[in-house]
Each structure stands twice: as C-alpha cells, then as structure tokens.
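Just the heavy atoms: all of them, side chains too, but no hydrogens, waters or symmetry mates, feed the values below. Below, read A as the first sequence line, B as the second, and so on, with proteins coming before strands; counting in each chain starts at 1.
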Amino acid sequence: MAHVWIADIGKHVGEEVTLKGWLYNKRSSKKLVFLQLRDGTGIVQCVVFRPDLGDEIYDICDKMPQETSLSLTGTVSKDDRSEIGYELQVKKVEIAAYPTQEYPITPKEHGVAFLMDYRHLWLRSKRQNAIMRVRHELIMAIRDYFDINGFTNLDAPIFTPNACEGTTNLFEVGYFDTKAYLTQSGQLYMEAGAAALGKVYCFGPTFRAEKSKTRRHLTEFWMIEPEVAFIDLDGDMDLMEDFVCYIVKRVLEKCRRELEILERDVTALEKIKKPFPRLTYDEAYARLKELGSDFEYGTDFGGDDETMLTQSFEVPIMVHRWPREIKAFYMKRDPKDPTKAMGVDMLAPEGYGEIIGGGQREDDYEELLKQIDKEGLPHEPFEWYLDLRRYGTFTHSGFGLGLERTLAWITGIKHVREAIPFPRMMERLSP
RNA sequence: UCCCCAGUAGCUCAGCGGCAGAGCGGGUGGCUGUUAACCACUAGGUCCGCGGUUCAAUCCCGUGCUGGGGAGCCA
C-alpha cells in the first residue's frame with residue numbers, strides 16, 4: 001500500500017493508503033478509538049471501529065501510549081467533524097515501536113524550563129512545528145529576495161582573528177597555538193565582498209557572549225547581512241524597507257495555516273507596506289520627550305523607549321543619524337553634522353524592538369583610522385580592512401537582520417528562544 | 001554584573017508554625033462520533049541543598065544552587 005504524507009491526504013479521498021507516524025493523542029468509547037496520528041506534515045484523526053477490526057486490535061489501539069510509532073492503513077474519507085476535513089477509516093494497524101517510558105510532554109500545560117529541557121521532543125508539538133515551518137519560509141523568502149535582486153551569497157568565516165566592535169562580547173576559542181573568536185558579525189568581510197561582487201549577502205550563525213537574560217537575546221543566532229556598493233544611507237533604508245515588506249508578504253502568502261495555529265493577528269502583518277517612517281535620532285528624542293520618557297540624549301534606547309516609540313506606528317520605523325559615540329567605529333560620519341554617524345536601526349512594531357542595525361560605512365581612510373584609534377583598537381588586524389579604503393574606496397552601505405527576532409515578530413511569539421530549533425542562551429547549552 | 005520573583009507528586013499549581021492537597025498525566029474499570037472528550041476508583045512525595053530560630057519548620061530567618069522576568073549591551 002502506498003505511503004502517503006498527511007499533508008497530501010486530501011488528494012487521496014476514497015483511496016486506500018498507508019500513513020506512518022506517531023500517536024499524538026487518542027480518545028475512545030466502547031465501539032470506537034480515535035487515534036490522532038502525527039507525521040510531521042500534519043495531524044489526522046484515524047478511526048478504529050471495533051466491530052470491523054475485532055477486540056484484539058481494538059484493545060491495542062485503546063491502550064496505545066502517546067508517541068508510539070506506527071503505520072495505519074485504511075480508506076481516506078472526507079469528514080466535516082475532522083479538524084483538517086479528512087479522516088482515515090482504519091483497516092490495518094502495525095505498531096513500529098512502543099515508547100519504552102512514559103512520554104514526558106502531555107497535551108496539557110507545561111512550564112518553560114521543563115519544555116526547554118525537552119526541546120528535542122517539544123519540537124514535535126503543533127505550535128513548535130508551526131514556528132519552524134514559518135522559520136523555513138522566512139529563510140527561503142530571504143534567499144529569494146536577494147537572488148531576485150542580483151545579490152551573490154558570500155559567506156563570512158565563523159572563526160575570526162579580531163573583533164568587529166570590541167572583544168568583551170566575543171566567545172574565545174583555542175585555535176592551534178593561538179586564540180580565535182567566534183564571529184559576531186560578517187559585516188567587515190561583506191565590505192570586501194561588495195568591492196568584489198557589487199551586491200553580496202551572508203547568512204549564518206553569529207555569536208555574542210552578552211550576559212543578557214531577556215526575551216530578545218540568544219548567544220547564538222542567525223543573521224542576514226547584505227552589503228551594497230554605491231548606495232548611501234538613504235539607499236540602504238530603501239533596501240531594508242523593501243526587503244522587510246517582501247519577506248512579510250511571503251510568509252503571509254505561504255504560511256496562513258501556521259499563523260492561524262499560532263493565533264497571530266494577521267491583520268497587523270497585512271499593514272506592513274512601504275513607506276516606513278524615517279526619524280532622525282534627534283526627532284526620535286523629541287518624540288520620546290513628548291511622550292513623557294525620561295530618556296537621556298546621547299544614549300541608546302532602552303526596551304521601554306523602543307516600545308513607546310513604536311506604539312504610535314503600525315509599520316516598522318527607521319531611526320537614523322545617531323550620536324557617533326554610541327555607534328561602531330566603521331560607521332560613516334554625517335558630512336552635514338560631524339557629531340552624528342550614518343547608522344540606522346529598524347524597530348519592529350508591537351514592542352518587538354530592534355530587528356535591523358545598519359548604515360553607511362566610513363569610506364575615508366584617514367577618518368576610519370582615526371576612529372580605530374579612538375576605540376583603542378590595534379591596527380594590524382584591520383590592515384586588510386583598511387586596504388578596502390586604499391584600493392579604490394567607494395560609497396557603500398549594508399545592514400544586519402536578526403532572523404530570530406524577525407521571526408518572533410512575524411509569528412507573534414513572545415520569546416526568541418522558540419524561534420530557533422535548539423536555542424543557546426546564557427543559562428542554557430543543552431539539549 | 002545588578003535588581004525582582006519562584007522552587008511542594010511525572011507535569012501545572014494551591015496550601016499551612018502542629019496528619020501533605022487539587023487538576024492533568026500513569027494504572028484499573030465504565031462510556032453516547034470523541035475534539036486538550038467525559039465518569040468512577042487507584043498508585044504516586046528527600047515540600048531544592050545546607051545552617052539557624054522554635055516544644056515543633058515544607059512554612060519564619062540566613063546562605064547556596066537552579067530556573068524565570070527585567071536592566072545594561074545588542075540583532
């Protein structure tokens with residue numbers, strides 16, 4: 001009998017098929033057992049009718065523990081009483097393997113710590129399944145966007161000899177008889193890539209040894225970092241705005257069912273259209289003051305400030321031209337106001353905070369060197385980076401988008417730890 | 001690193017200075033096509049560790065550990 005995936009069951013109404021999967025839940029009465037079968041592509045109710053299958057099979061089904069792996073052969077029928085519109089009328093039951101112990105995750109509620117300890121099993125649940133599917137679609141959308149727009153994927157190394165923005169937040173690893181660090185950004189390499197290939201992006205894991213215990217932080221997360229030659233800050237903002245609209249639209253088109261499972265308010269996502277408001281840091285500051293924040297000029301926004309600032313908008317906002325002192329050394333100085341850096345942050349609506357950080361890069365050799373010295377960074381590790389300014393320096397800009405924060409926003413989940421299969425956090429290294 | 005909160009059955013939690021509780025899950029039985037099904041019965045405990053106060057501590061105090069939320073920092 002042909003093996004059919006539950007996702008495709010609608011194409012086989014009236015046919016006899018075999019489903020293979022795990023027992024998600026069951027209910028029974030004297031004559032019937034309802035087996036909820038899960039195969040990773042969906043869940044379907046399979047009906048075991050005692051008079052047809054006999055007492056022995058009925059008893060096996062009636063006593064079957066959660067997460068037993070099995071094959072069920074039977075006829076697919078259309079049924080409005082089923083959640084997905086179809087059922088399997090079972091004719092044959094084949095147990096592949098019984099659990100050797102009681103499955104720890106029951107259909108009832110559990111605490112976060114418990115579920116995180118069983119992350120490898122938690123991924124089997126409906127909600128986690130839906131999140132991982134949206135993650136997949138988001139990744140596909142990101143790659144498609146850059147592919148359609150003529151970018152070349154150019155991945156950055158994970159072992160790096162030097163810090164991008166200082167070493168305090170880097171994970172140090174042994175590298176033969178010397179030290180290396182796990183990358184916290186591929187950006188500097190992407191700048192080299194932009195000079196080689198014009199439009200490039202990298203997409204990979206990044207590592208930050210920040211001792212942050214908040215809903216927005218992971219020590220290992222995935223970042224998409226495009227870098228483009230010959231675009232300035234305005235061009236950069238055009239790009240990030242267009243990009244974010246595209247990926248949100250794609251998820252809306254392809255993941256309706258998943259968003260429904262996650263009870264995401266899709267009307268909020270449908271409003272994500274260009275243009276996004278662009279505020280200078282000074283304008284954002286004035287606005288925060290109007291709203292009654294005690295925010296101090298010259299500092300970065302706190303979580304509350306971000307929430308306050310984004311509350312009056314239905315789309316992400318872009319805050320640009322930040323005080324130089326709080327931005328990284330590679331950001332270009334604003335020619336019109338030397339106290340500002342040409343950086344931009346995109347803040348997601350609904351309190352999800354910063355999802356993008358980017359900007360125009362310093363392309364003047366002397367200026368860049370000054371900034372490196374100001375930060376007290378050694379010259380030697382940045383010689384190759386300075387070469388980019390020596391050999392035909394060029395206007396260029398880029399940004400980094402945090403995959404998990406973006407996914408948390410799109411799916412409406414409250415914590416980024418559910419936005420990655422196996423999260424790494426300050427207090428968690430396993431499973 | 002700092003601030004706040006929590007730790008009691010496999011899970012989620014209630015509780016009280018004096019005999020350890022519920023719901024779910026497990027087991028047994030029943031049951032009407034059930035939708036986190038339902039009903040009955042049943043098993044299940046180092047009340048996080050250590051020290052202190054007390055006639056008596058799961059409860060109060062101190063301390064440690066673990067986890068959660070947040071700050072700073074960031075995507």
What distance, rounded to whole Å, do you find between the two P atoms, one in B:rU8 and one in B:rC50? 16 Å
Centroid separation under 6.0 Å, is that true for the rings of A:Tyr118 and A:Phe114? yes
A correct 5'-to-3' footprint of nucleotides 31-36 of chain B, with B, S and - meaning base, sugar-phosphate only and no protein heavy atom under 4.0 Å, is BSBBBB
Distance-only polar pair, side chains of A:Thr18 and A:Thr73, donor-acceptor under 3.5 Å: yes
Say you pick atom C1' in B:rC39 and the same atom in B:rC24; how far apart are they, in whole Å? 15 Å
Counting the atoms with a prime plus P, OP1 and OP2 as sugar-phosphate, which does A:Gly353 contact under 4.0 Å by heavy atoms, base, sugar-phosphate, or nothing? nothing
We want to know whether A:Arg119 and A:Gln128 form a side-chain donor-acceptor pair, criterion being a heavy-atom distance below 3.5 angstrom. yes
Write out all pairs satisfying side chain to side chain donor-acceptor pair (under 3.5 Å) with one or both partners inside residues 299-311 of chain A, taking only residues at least two apart or from two chains. A:Ser293-A:Asp305
Does B:rC61 fall in syn (glycosidic angle within 90° of 0) or anti? anti
Cationic N near anionic O, under 4.0 Å, A:Glu67 to A:Arg38: yes
Looking at every strand, decide which applies to A:Leu218 at a 4.0 Å heavy-atom threshold: base, sugar-phosphate, or nothing. base
Which part of the nucleic acid does A:Arg428 contact within heavy-atom distance under 4.0 Å: base, sugar-phosphate only, or nothing? nothing
Check the angle between the aromatic planes of A:Phe399 and A:Phe243 and answer parallel, tilted or perpendicular using the 30° and 60° thresholds. tilted
In Watson-Crick or G-U wobble terms, with both distances under 3.5 Å, the base opposite B:rG10 is B:rC24
Does one side chain, of A:Arg143 or A:Tyr201, offer a donor that lies under 3.5 Å from an acceptor on the other? yes
Should A:Lys211 be listed as having a side-chain N or O under 4.0 Å from OP1 or OP2 of B:rU1? yes
Looking at RNA chain B, which of residues 110-118 of chain A put a heavy atom within less than 4.0 Å of it? A:His110, A:Gly111, A:Ala113, A:Phe114
Relative to the 5' end of RNA chain B, which residue comes earlier, A:Met426 or A:Met346, by the nucleotide with the nearest heavy atom? A:Met426
